[in-house]
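All values below come from the heavy atoms of this structure, side chains included, with hydrogens, waters and symmetry mates left out. Here the structure is a predicted model, which is why all the values come from computation and not from measurement.
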Amino acid sequence: MGVLRLVAAALDGFVLAIFGVAILATLLPATGSASDVLHAVTVAAIALLFFLYGTRLSPRDALDGLTHWRLHAVVLGCTYLLFPLLGLVLRVLAPTVLTDELYTGMLYLCLVPSTIQSSIAFTSIARGNVAGAVVSASVSNLLGVVVTPLLVVLLVTTTGEASVDASAIGDILLQLLVPFLLGQLARRRIAGWVQRHASATKLVDRGSILLVVYAAFSVSRVQGVWSVLSPWRIAAVVAVCSVLLAVVLGATELIGRLCRFDRADRIVVLFCGSKKSLASGLPIASVLFAGQPIGIIVLPLLIFHQIQLVVCAMLATRYERQAIRDAASTS
C-alpha cells in the first residue's frame with residue numbers, strides 16, 4: 001500500500017496529462033493539414049515560452065547564465081561523453097536482446113543533443129537556474145548540428161555522406177533566441193504583469209511539453225513505427241531505455257554534487273544533462289540513415305523521449321513542492 005500511495009502521489013495531473021495526450025495522439029493522430037496546423041501551433045507555443053523566459057529573467061541573471069562555463073561544460077560532458085560511453089556499453093545486448101538495427105538506434109539516441117524546451121520548462125517548474133538551462137540546452141543543440149553527425153560517423157556504420165542542413169542553426173536562433181531577446185527588451189513593461197499571472201506562465205510551460213508529446217506520437221502513429229517490431233522487442237527497448245535513463249539521472253545527480261553546485265545548478269545538470277532531443281534527433285537521422293530502416297532506428301529515441309518526459313515531470317513537480325515547503329518554512 002505504501003508503494004501504491006507513492007506512485008499515486010507521483011502521478012499528478014501533469015503526468016497524467018502526458019499519458020492522456022500520448023494515448024490521444026495514438027488513437028487520433030494529426031494528419032494532412034491538421035499536422036501542419038499542429039506544427040505551427042507547437043512552434044508558436046515554444047516561441048511564446050522563450051519570450052516569457054526573457055521577461056522573467058533579469059539581465060544580470062541572463063548574463064550570469066552565459067558566463068557560468070563550469071555548468072555548461074558539465075552538461076555538455078554528460079550529453080556528448082557520458083551518454084556515448086553508455087551507448088557503447090549497450091553493445092553487449094546485440095543481437096540477443098536488441099537487434100542490430102535497434103542497437104544502432106540505442107547508440108544513436110546517446111549521440112543526439114539535449115532537449116531545449118522541455119529541459120528548460122522542467123528546470124523552471126523545479127525552481128532551478130533557468131538562465132543556465134537556457135544557455136546549456138541551446139549550446140547543446142547548436143553544437144549538436146556538428147557534433148552529432150561527427151559522432152555518428154565515428155561510432156555508427158552509416159551509408160552515404162553524413163551532412164546536416166545548416167538551416168537548423170537558423171531555426172534554433174529564430175525560434176528560441178530571438179523570442180528570448182524580445183522578452184528581455186519587453187521586460188520593463190510587462191514583467192510585473194507576468195509575475196502577477198504566474199499561473200498563465202505555468203500553463204505555457206506545461207502546454208508546450210504536451211504539444212511536443214502529441215506531435216511525436218502522431219508522427220509515430222502515422223509512420224506505423226509501432227507495427228514494425230514484435231511486442232517483446234518493443235518491451236525490451238522500453239526496459240533498456242528505462243535503465244539507461246535511471247543510470248544517467250543518478251550520474252547527473254552525483255556529478256552535480258561532486259562539482260559542489262548549488263541546488264539551482266544541480267537541477268540544470270539533472271534535467272539538461274539527462275535528456276535527448278526528438279526534435280533534433282529525427283531530422284538528423286533522416287539524413288544520416290537515408291535508405292536504412294529509419295523507423296526502427298529512431299524507435300529507441302522515440303521511446304526514451306516519452307519516458308524521460310514522464311519521469312522528469314515527476315521529478316520537477318517533486319522539486320517544486322520541496323521548494324515551496326522550504327520557502328514556507330523560512331518565511
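Not a single side-chain hydrogen bond (donor to acceptor under 3.5 Å, both in side chains) links S274 to another residue, sequence neighbours left out. Residues that satisfy the side-chain hydrogen bond (donor to acceptor under 3.5 Å, both in side chains) test with T252, not counting sequence neighbours, are absent from this structure. Judged as a side-chain hydrogen bond (donor to acceptor under 3.5 Å, both in side chains), and not counting sequence neighbours, the contacts of S124 are D205. For Y103, the ring-ring contact (aromatic ring centres under 6.0 Å, His included) criterion is met by no residue, not counting sequence neighbours.
No side-chain heavy atom of L102 sits under 4.5 Å from any side-chain heavy atom of V240. The closest side-chain heavy-atom distance from V248 to C78 is not below 4.5 Å. Contact of the L90 side chain with the M106 side chain is registered, since non-hydrogen atoms from C-beta on lie closer than 4.5 Å. No side-chain heavy atom of T55 sits under 4.5 Å from any side-chain heavy atom of W193. Residues I324 and R321 are not in side-chain contact: their nearest non-hydrogen atoms beyond the backbone lie 4.5 Å or more apart.
Here side chain to side chain donor-acceptor pair (under 3.5 Å) pairs that include residues 230-243, with residues two or more places apart or in two chains, are S230-W232. Identified under the side chain to side chain donor-acceptor pair (under 3.5 Å) test for residues 35-46, with sequence neighbours left out: none.
Transitive grouping of hydrophobic side chains (ILVMFWY, heavy atoms separated by less than 4.5 Å) brings Y214 and V37 into a common cluster. Under the 4.5 Å side-chain heavy-atom criterion for ILVMFWY residues, no single connected hydrophobic cluster contains both L203 and L210. Connection of I255 to I267 is not established within any shared hydrophobic cluster, with ILVMFWY side chains joined at heavy-atom distances below 4.5 Å, either directly or through further cluster members. Taking hydrophobic clusters as Ile, Leu, Val, Met, Phe, Trp and Tyr residues chained together by side-chain heavy-atom distances below 4.5 Å, V156 shares a cluster with L93. No chain of hydrophobic side-chain contacts below 4.5 Å, direct or via other Ile, Leu, Val, Met, Phe, Trp or Tyr residues, connects Y108 to V89.
Pairing each heavy atom of L82 with each of A251, the nearest pair is CD2-CB, 3.9 Å. T115 and A137 make their closest contact through O-CB, 3.4 Å (heavy atoms, listed as atom of the first residue, atom of the second, distance). Across every non-hydrogen atom of V75 and C272, the tightest pair is CG1-CB, 3.7 Å. The minimum heavy-atom distance linking V134 with I120 is given by the pair CA-CD1, 3.5 Å. Considering every non-hydrogen atom in both R263 and Y319, the closest pair reads NH2-O, 3.0 Å. Listed here is the closest heavy atom pair of P84 and L155: CB-CD1, 4.4 Å.
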- Please report the C-alpha distance between V268 and F261 in whole Å, then the side-chain angles of each, then the deciding distance to 0.1 Å, and finally whether the side chain to side chain contact (heavy atoms under 4.5 Å, CB included) criterion is met. CA-CA 10 Å; V268 175; F261 289 140; over 6 Å; no
- Query: Are I303 and L299 close enough, and set up right, to give a side chain to side chain contact (heavy atoms under 4.5 Å, CB included), and what steps lead you there?
  - Reply: CA-CA 6 Å; I303 292 175; L299 181 61; 3.9 Å; yes
- Item | Residues V147, L76; criterion side chain to side chain contact (heavy atoms under 4.5 Å, CB included); working and verdict | CA-CA 11 Å; V147 174; L76 290 175; over 6 Å; no
- Message: Please evaluate residues D326 and Q322 with respect to the criterion side chain to side chain contact (heavy atoms under 4.5 Å, CB included), reporting the C-alpha separation (whole Å), side-chain torsions for both, the decisive distance (0.1 Å), and the verdict.
- Response: CA-CA 6 Å; D326 292 344; Q322 183 182 43; 3.8 Å; yes
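Expressed to the nearest 0.5 Å, how far CD1 of I307 lies from SG of C312 amounts to 11.0 Å.
No donor-acceptor pair closer than 3.5 Å links the side chain of S138 to the backbone N or O of V135. With hydrogens and angles ignored, the 3.5 Å screen pairs no side-chain donor or acceptor of T79 with any backbone N or O of S114. Not one N or O on the side chain of T123 forms a donor-acceptor pair closer than 3.5 Å with the backbone of V130. Between the side chain of S140 and the main chain of S136, no donor-acceptor pair closer than 3.5 Å is present. K276 contributes a side-chain N or O that, together with a main-chain N or O of C110, makes up a donor-acceptor pair within less than 3.5 Å.
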